[in-house]
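We count ligands from 1, going down the list as the structure has it; atoms in each ligand are counted the same way. Below, each value reflects all heavy atoms present in this structure, side chains not excepted, and no hydrogens, waters or symmetry copies. Here the structure is a predicted model, which means the values were calculated and not measured.
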Amino acid sequence: MNDSLDDFVDRLQNTINDEAIGVLGEQGFKRWQNPKYRGTLENSDAHGRITGTCGDTMEIFLKIENDSVKEVSYLTDGCGTSNVCCSFAAEMTLGKTFEKLPEITGESILEKLGDVPKDEQHCAFLAASAVQEARDDYMVRHKK
Ligand code: FES
């Protein structure tokens, strides 16, 4: 690439990054760049799947040992905020007993994320619902 094209690409990338930080905040931006726990989990013990009124679907997969979450992953076909909220929700399940999973709420995810614009906050509530769907699935499978 020549210099002017390099400069253009750099400026464009900086603009995209600035806009993403504006929407996701610093914490969310870092997670968006490195979406931890994204993917499926083979032989999961619990699976939650929910589609929001926006049309986005979120899925949470849990592996549970001794009634605690040992492994987690998530999938979503949603936007950057959906991915970030799902990633934080997934992270928050780790080490929790299934009785403690209801502590993961839209509010607690937003608290972890910090600064999320009002228009995007529903993503956190959908991610929390996906976790609760996984919890319900675990309870049904294990008759709790
Ligand atoms: Fe649909 Fe965020 S836009 S969950």
Side-chain angles (χ1 to χ4, degrees), residues 5-144:
L5 185 55
D6 283 345
D7 291 345
F8 171 74
V9 170
D10 286 348
R11 280 196 311 275
L12 184 61
Q13 188 60 60
N14 288 337
T15 302
I16 291 167
N17 290 351
D18 289 346
E19 285 177 9
I21 290 169
V23 172
L24 302 170
E26 287 286 345
Q27 282 260 74
F29 177 68
K30 282 186 197 147
R31 187 56 67 99
W32 178 58
Q33 289 190 309
N34 176 25
K36 286 181 176 174
Y37 313 109
R38 188 175 167 83
T40 57
L41 212 50
E42 292 284 312
N43 305 316
S44 61
D45 299 305
H47 174 222
R49 184 177 199 276
I50 191 159
T51 301
T53 52
C54 60
D56 292 347
T57 298
M58 294 183 178
E59 294 181 76
I60 295 279
F61 303 85
L62 302 175
K63 268 197 185 164
I64 296 181
E65 276 177 37
N66 301 324
D67 278 346
S68 294
V69 177
K70 291 292 176 215
E71 284 182 64
V72 63
S73 71
Y74 81 91
L75 286 176
T76 181
D77 60 2
C79 59
T81 310
S82 303
N83 267 279
V84 168
C85 288
C86 244
S87 179
F88 276 112
E91 183 171 83
M92 290 164 75
T93 67
L94 285 171
K96 280 206 168 36
T97 60
F98 81 89
E99 286 95 347
K100 295 253 182 193
L101 289 177
E103 292 175 4
I104 300 169
T105 61
E107 288 86 353
S108 66
I109 296 168
L110 288 171
E111 209 170 286
K112 222 170 162 47
L113 257 161
D115 220 5
V116 178
K118 269 225 170 322
D119 287 356
E120 310 277 331
Q121 291 184 359
H122 68 277
C123 305
F125 289 86
L126 194 62
S129 297
V131 170
Q132 301 321 316
E133 288 290 321
R135 178 180 182 268
D136 291 350
D137 180 49
Y138 182 75
M139 290 173 75
V140 167
R141 285 200 218 179
H142 295 83
K143 302 198 183 345
K144 299 223 177 216

*Check whether any side-chain heavy atom of L101 sits under 4.5 Å from a side-chain heavy atom of I104, and report yes or no.*
yes
*asked:* Is there a side-chain contact between F8 and R11 in this structure, where contact means two heavy atoms from C-beta onward sitting under 4.5 Å apart?
replied: yes
*Could you give the distance from NZ (K96) to CG (D67), rounded to the nearest 0.5 Å?*
15.0 Å
*Whether F61 and H47 hold their rings parallel, tilted or perpendicular, with breakpoints at 30° and 60°*: parallel
*Show all protein N/O/S atoms under 2.8 Å from atom 1 (Fe) of ligand 1, or state that there are none.*
C54 SG, D56 OD2
_Whether the side chain of K100 engages the backbone of S68 through a donor-acceptor N/O pair (distance < 3.5 Å, no angle test) should be reported._
no
_With a sphere of 6.0 Å drawn around CZ of R49, does it hold more than 12 non-hydrogen atoms of other residues, nucleotides or ligands?_
no
